[in-house]
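The figures that follow rest on heavy atoms only: side chains count, while hydrogens, waters and symmetry mates do not. Letters go in sequence order (proteins before strands), and every chain restarts at 1.
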Number of protein chains: 2
Amino acid sequence: MNLEGRPQAPLMSNPRADRVRDVAKLAGRSSRLKTGRFLAEGPQAVREALSAHRAAAVDGGPAVVHEVYATEACLDRLPELADLASGVMLRLATDEVLAAMADTVSPQGIVAVCHTSTATLEDVLAAGAKLVAVLCEVRDPGNAGTVLRAADSAGADAVVLTASSVDIYNPKAVRSTAGSLFHLPVVTGADFTDVIHALQAAGVTVLAADGYGNVNLDRLQDLSAVRRFGGTAAAASSRPDGEDAAAEAALPQLEQPTAWLFGNEAQGLSDAELAAADHRVAVPLYGRAESLNVGTAATVCLYASARAQNG
Amino acid sequence: MNLEGRPQAPLMSNPRADRVRDVAKLAGRSSRLKTGRFLAEGPQAVREALSAHRAAAVDGGPAVVHEVYATEACLDRLPELADLASGVMLRLATDEVLAAMADTVSPQGIVAVCHTSTATLEDVLAAGAKLVAVLCEVRDPGNAGTVLRAADSAGADAVVLTASSVDIYNPKAVRSTAGSLFHLPVVTGADFTDVIHALQAAGVTVLAADGYGNVNLDRLQDLSAVRRFGGTAAAASSRPDGEDAAAEAALPQLEQPTAWLFGNEAQGLSDAELAAADHRVAVPLYGRAESLNVGTAATVCLYASARAQNG
């Protein structure tokens, strides 16, 4: 092993050391809340964390990574991770120590203790956010992570989790984001009413993703395509029954700054959450499925906005 | 409890009975392969299974449900399930027996032993399929189930799993489908080369969902919108660099009968699988995510086809 630029401190080899236990405790919410830290496991997540840490250092933003633990074998295999970690405390540890720290069976030789996000919706909106995903009482960590990753793919400017949603720093949720957790601002513990007020004050249209919504997402996409490509006459002729010109004019435009509300897996959005939105939008079901899972619904909605906004 | 139309056989109360063990064994693939049966757990899945069973009986199709086990409390709470089960062997059992049979911690008082699908791609194509999802080496049961549910939502005519994909009758996969497993033909254990030949012989365009694909899904959707709404001049002006009129004309049309290939979670589609497709289509990534999970990619692709085909 080439030790240049590598950590010089002694190898950590005791899986029962206090420091190891402290890291392992981050699998629990209470320890995460107390310390303001969480664990990113495996090379992909650690790489994204370190990249975000570097970018934040350049921009004068808050630190992302607190410390990194890695095996010698991992750093030999992936030397770019040691390079990326310059300026971050990097400690060598044995496989046993890594296994004792991590939630995954095999963290593949590297974990990073990271700081939970301090992003605020106010900052996100002040920076001119055009697409925001709001998770209201989403309870499954895998679903929350999947929605966050889909939001990143669709180029969303932020993801907001209301206070009653699952903790996005739960190890399973972190894994499901596949690194996207470090790609965009994540606002946690938000009060739903405050979120709605802030979005509306900033001129962001709030759309509730709702299987029973009276607005059809396909219609919004059609109208967006018509505005982009012309063909107004054809669009008018495609107007569905029950929609007159005034009703069409009142529909939200996907090109405009938009926040999507996604609800609980079993119950969807509550009546109060639906009432707070500007529109209730349904993703069409073409087959015989009775509903969409929240990850699928979020994907369709966020990609519809992304297409319209980037057209 | 009203016993009219209810099972009269004695209550099954021994969780160690052979019959109970036989049902529990369906959690393992070898038992499913040997018996050609699998277990649907919980009221939603059983309801969809029984509805499909009824529809098959009317159409002269093969039986879907072999037998149902339920608690008295469940049938009292959901009497429509007993009605739906008329003509199917329905046995009363205790909570302990249900728990011993089921993979889930709580099967909510009802499970159905079902027959695995005998659908063939030939039948699906002979019936004029316009949208087919093909899973190639998808390995995670939750992902496979999510793609199947998304395919149902998008109105796909069938889902095909190649021989090296996960078993869709795995309990976790069945749960992830949320009943969609019973909504559309599912072809399992298919040989990849045979599938491609059958699709192409039937005039179905084969599109590989591929993050490195040279065809942009957004461009296909734009061209589809232009064909629908007119505005050809605007479309020509939106032509991306490097695409001349001949290249545009060679692009696949989403309105046409289409099969989508979705690959392994980690590796994507293999070179051989990519080469077999007519086109390699990339879902655009607007943010900083490096890739999409297979459920998200399948959702975007299948919904793009559904919108074009149902416009």
Side-chain angles (χ1 to χ4, degrees), chain A residues 44 48 51-52 131 142 145-157 176-180 182-184 217-218 221-222 224-226 228-235 237-238 283-293 295-300 302-307 309-311, chain B residues 44 48 51-52 131 142 145-157 176-180 182-184 217-218 221-222 224-226 228-235 237-238 283-293 295-300 302-307 309-311:
Chain A
Q44 183 195 27
E48 301 301 319
S51 298
L131 184 57
T146 300
V147 173
L148 195 151
R149 187 175 173 191
D152 180 21
S153 307
D157 297 293
S176 302
T177 72
S180 286
F182 301 106
H183 289 169
L184 72 173
L217 182 64
D218 271 1
Q221 292 194 84
D222 286 350
S224 174
V226 165
R228 190 156 151 229
F229 293 120
T232 320
S237 74
S238 76
V283 173
L285 294 168
Y286 294 104
R288 293 174 52 212
E290 285 172 29
S291 64
L292 297 166
N293 88 16
T296 301
T299 297
V300 176
L302 293 168
Y303 260 86
S305 288
R307 270 179 53 70
Q309 295 185 350
N310 293 278
Chain B
Q44 184 195 25
E48 300 302 319
S51 299
L131 184 58
T146 300
V147 172
L148 195 153
R149 186 175 174 191
D152 179 22
S153 306
D157 298 293
S176 302
T177 72
S180 286
F182 301 105
H183 289 170
L184 72 175
L217 182 63
D218 271 1
Q221 292 195 84
D222 285 350
S224 174
V226 165
R228 188 153 153 234
F229 293 120
T232 320
S237 74
S238 76
V283 174
L285 293 168
Y286 295 103
R288 294 172 52 213
E290 285 172 29
S291 64
L292 296 168
N293 88 16
T296 302
T299 298
V300 177
L302 293 168
Y303 261 87
S305 289
R307 268 177 54 67
Q309 295 185 350
N310 293 278

Worksheet item: At a heavy-atom separation under 4.5 Å, does B/A178 approach chain A through its side chain, its backbone, both, or neither?
Response: neither
Discussion item. At a 4.5 Å cut-off on heavy atoms, which part of A/Q309 comes close to chain B: side chain, backbone, both, or neither?
Written reply: neither
Worksheet item: Taking all non-hydrogen atoms of both residues, which atom of A/S291 and which atom of B/S153 are closest, and how far apart?
Response: O-OG, 4.1 Å
Discussion item. I'd like to verify something: which residue of A/A151, A/A154, A/S180 has the highest number of heavy-atom pairs under 4.5 Å with chain B?
Written reply: A/A154
Worksheet item: What's the spacing between A/D222 CG and B/F229 CZ if we round to 0.5 Å?
Response: 3.5 Å
Worksheet item: Is any side-chain heavy atom of A/T299 less than 4.5 Å from a side-chain heavy atom of B/Y303?
Response: no
Worksheet item: Can you say whether B/T296 sits under 4.5 Å from chain A via the side chain, the backbone, both, or neither, judging by heavy atoms?
Response: both
Fill in: Residues A/R288 and B/D152 bridged, charged N to O under 4.0 Å
no
Worksheet item: A/A156, A/G295, A/P284, A/A150: which one forms the most heavy-atom pairs within less than 4.5 Å of chain B?
Response: A/P284
Worksheet entry | Atom pair CZ (A/R149) and CG (B/N293), whose distance is rounded to the nearest 0.5 Å | 5.0 Å
Worksheet entry | Winner by heavy-atom pair count (cut-off under 4.5 Å) against chain A, out of B/L292, B/V283, B/L285 | B/L292
